[in-house]
Amino acid sequence: MDINYKEILRYLKSQDMKNDKMESLILNTIEELKKIAKPRNTYSFFEIEKSKSIHILNTNLYIKSSDLMHHLRNSHSIAIMAITLGIEVDREIKINEKLNLTKAIIMDAVATSYVEKICDKVQGEIKKEAKKRGYNITNRFSPGYGDLSIKTQKEILNLIDAYKIGITLTESLIMIPRKSVTAFIGFYPYDSKDKTNKIKCDYCDYKENCDYKVKRGEVF
């Protein structure tokens with residue numbers, strides 16, 4: 001799987017960088033990370049019911065989030081996904097933090113880009129399943145976006161048994177391995193006029209002053 005070089009530069013805030021030595025280091029780090037990473041994923045499908053909260057049917061999970069409610073406004077079923085690059089990536093970044101800080105920063109950016117690529121791949125698989133059921137899908141929506149509490153991580157990790165792919169949660173609700181992502185994806189009818197096409201930056205409180213903001217329609 002290709003890791004997007006332009007996106008890595010965006011994470012490094014170096015979009016205009018023209019430095020052969022740095023470019024070589026980034027490209028070498030990409031190849032190194034591909035060998036180290038052990039991507040794993042899991043996802044499950046659920047029916048939902050919406051009132052004052054989002055009830056994932058046949059579970060005891062009720063989620064209160066006006067932003068997620070709006071995101072799923074045309075959806076009555078969802079997929080919940082989790083992906084991780086594996087603990088080996090965390091270890092390698094920590095080692096380089098002590099030996100070569102520049103490389104550690106680059107590896108972190110490369111890993112972040114790789115996570116997004118894996119998420120896109122898994123989202124593609126979910127879209128195929130949605131199409132079989134006669135639906136289109138929303139974009140991903142993760143805990144921490146808008147008013148969706150990070151506390152939701154614990155419930156959804158348990159719900160889809162994400163521990164089987166090696167994801168755990170610290171007391172402060174940080175996922176380990178750090179390069180891990182969970183997300184909700186809604187299924188909505190193809191004939192819906194509202195395509196629910198917000199990008200994730202639209203839900204962030206810091207979107208107006210963020211160096212990493214993705215512009216609508218921007219391709220990486």
Side-chain angles (χ1 to χ4, degrees), residues 11 33 36-46 48 50 52-72 75 78-95 97 104-105 107-120 122-123 126 138-186 198-207 209-214:
Y11 288 130
L33 187 125
I36 295 169
K38 296 181 179 179
R40 301 180 70 189
N41 72 82
T42 185
Y43 53 85
S44 298
F45 303 102
F46 303 92
I48 60 172
K50 294 166 288 183
K52 292 183 179 179
S53 60
I54 300 166
H55 178 208
I56 299 179
L57 297 179
N58 300 315
T59 77
N60 294 320
L61 181 53
Y62 293 79
I63 301 171
K64 290 185 177 181
S65 165
S66 59
D67 288 326
L68 181 60
M69 181 81 75
H70 183 70
H71 189 72
L72 300 176
S75 302
I78 61 171
I80 301 178
M81 59 180 276
I83 74 100
T84 182
L85 293 187
I87 199 65
E88 293 81 6
V89 173
D90 285 15
R91 289 172 180 161
E92 194 64 23
I93 291 173
K94 286 183 179 180
I95 289 171
E97 283 175 350
I105 293 169
M107 183 165 285
D108 189 271
V110 171
T112 299
S113 181
Y114 197 9
V115 164
E116 290 299 311
K117 283 292 183 183
I118 300 295
C119 284
D120 290 343
V122 174
Q123 184 170 328
I126 291 170
T138 68
N139 293 324
R140 302 189 293 271
F141 197 105
S142 295
Y145 290 4
D147 66 352
L148 180 57
S149 173
I150 198 73
K151 294 178 180 179
T152 312
Q153 294 284 31
K154 185 175 182 179
E155 286 87 353
I156 63 176
L157 288 175
N158 284 326
L159 188 60
I160 63 174
D161 197 18
Y163 302 101
K164 68 185 178 185
I165 63 170
I167 300 178
T168 59
L169 207 59
T170 68
E171 290 184 2
S172 55
L173 304 177
I174 296 172
M175 285 190 290
I176 303 295
R178 285 178 53 245
K179 297 304 177 181
S180 301
V181 172
T182 59
F184 294 87
I185 294 176
K198 281 193 173 184
I199 57 175
K200 60 186 178 181
C201 296
D202 291 333
Y203 296 97
C204 181
D205 293 335
Y206 304 101
K207 61 180 178 289
N209 300 301
C210 179
D211 294 328
Y212 303 106
K213 182 170 63 175
V214 177

>> Going by the rule side chain to side chain donor-acceptor pair (under 3.5 Å), which residues pair with Ser113 if we only count those two or more places apart in sequence or in a different chain?
In response: Glu7
> Who pairs with Asp120 by salt bridge (Lys or Arg N to Asp or Glu O under 4.0 Å), at least two apart in sequence or on another chain?
Replying inline: Arg140
>> Within this structure, what is the NZ-CD1 distance for the pair Lys179 and Ile167, rounded to the nearest 0.5 Å?
In response: 13.5 Å
> For Lys52, which residues count as a side-chain contact (heavy atoms from CB on, under 4.5 Å) partner, sequence neighbours excluded?
Replying inline: none
> Listed by chain and number, what are the ring-ring contact (aromatic ring centres under 6.0 Å, His included) partners of Tyr43, not counting sequence neighbours?
Replying inline: Phe45
>> So Leu159 and Phe46, do their side chains get closer than 4.5 Å, heavy atoms only?
In response: yes
>> So, taking the atom named CD in Glu92 and the one named CG in Leu33, what distance separates them when rounded to the nearest 0.5 Å?
In response: 9.0 Å
>> If the condition is side-chain contact (heavy atoms from CB on, under 4.5 Å), which residues does Thr152 pass it with, not counting sequence neighbours?
In response: Ile63, Pro143, Leu148, Ser149, Ile156, Phe184
> Atom CE of Met175 and atom OG1 of Thr182: how far apart are they, to the nearest 0.5 Å?
Replying inline: 4.5 Å
> Can you name the nearest heavy-atom pair linking Ala79 to Ile126, along with the distance?
Replying inline: CB-CG2, 3.8 Å
>> Holding to salt bridge (Lys or Arg N to Asp or Glu O under 4.0 Å), I want the full list of residues that pass it with Lys50, two or more places apart in sequence or in another chain.
In response: none
> Partners of Arg40 by salt bridge (Lys or Arg N to Asp or Glu O under 4.0 Å), sequence neighbours excluded?
Replying inline: none
> Does Thr84 have any side chain to side chain donor-acceptor pair (under 3.5 Å) partners at least two apart in sequence or in another chain, and if so, which?
Replying inline: Ser180
> Within the side chain of Asp90, is there an N or O that forms a donor-acceptor pair under 3.5 Å with the backbone of Arg178?
Replying inline: yes
>> Distance check, rounded to the nearest 0.5 Å: Ile150 atom CD1 versus Gln153 atom CD?
In response: 4.5 Å
Distance-only donor-acceptor hits, side chain of residues 53-62, under 3.5 Å, sequence neighbours excluded:
from  : atom 1 : to    : atom 2 : distance (Å)
His55 : NE2    : Thr59 : O      : 2.9
Thr59 : OG1    : Ile56 : O      : 2.6
Thr59 : OG1    : Leu61 : N      : 3.1

> Between atom CD1 of Ile165 and atom OG1 of Thr42, what is the distance when rounded to the nearest 0.5 Å?
Replying inline: 6.0 Å
>> Less than 4.5 Å apart, side chain to side chain, heavy atoms only: is that true for Pro177 and Val89?
In response: no
>> Rounded at 0.5 Å granularity, tell me how far CD1 in Ile36 sits from CD1 in Ile87.
In response: 12.5 Å
>> Show, in sequence, the C-alpha distance, side-chain angles and deciding distance for Tyr145 and Asp67, and conclude whether the side-chain contact (heavy atoms from CB on, under 4.5 Å) test is met.
In response: CA-CA 8 Å; Tyr145 290 4; Asp67 288 326; over 6 Å; no
>> The criterion is salt bridge (Lys or Arg N to Asp or Glu O under 4.0 Å); which residues satisfy it with Glu88, sequence neighbours excluded?
In response: Lys38
> Ile83 versus Met81: any side-chain heavy-atom pair under 4.5 Å?
Replying inline: yes
>> Please enumerate all residues that pass side-chain contact (heavy atoms from CB on, under 4.5 Å) together with Ser66, with sequence neighbours excluded.
In response: Asp147
>> Please enumerate all residues that pass side-chain contact (heavy atoms from CB on, under 4.5 Å) together with Lys154, with sequence neighbours excluded.
In response: Asn158, Leu169
>> For the backbone of Ile185 and the side chain of Thr138, can you confirm whether one donor and one acceptor N or O come within less than 3.5 Å of each other?
In response: no
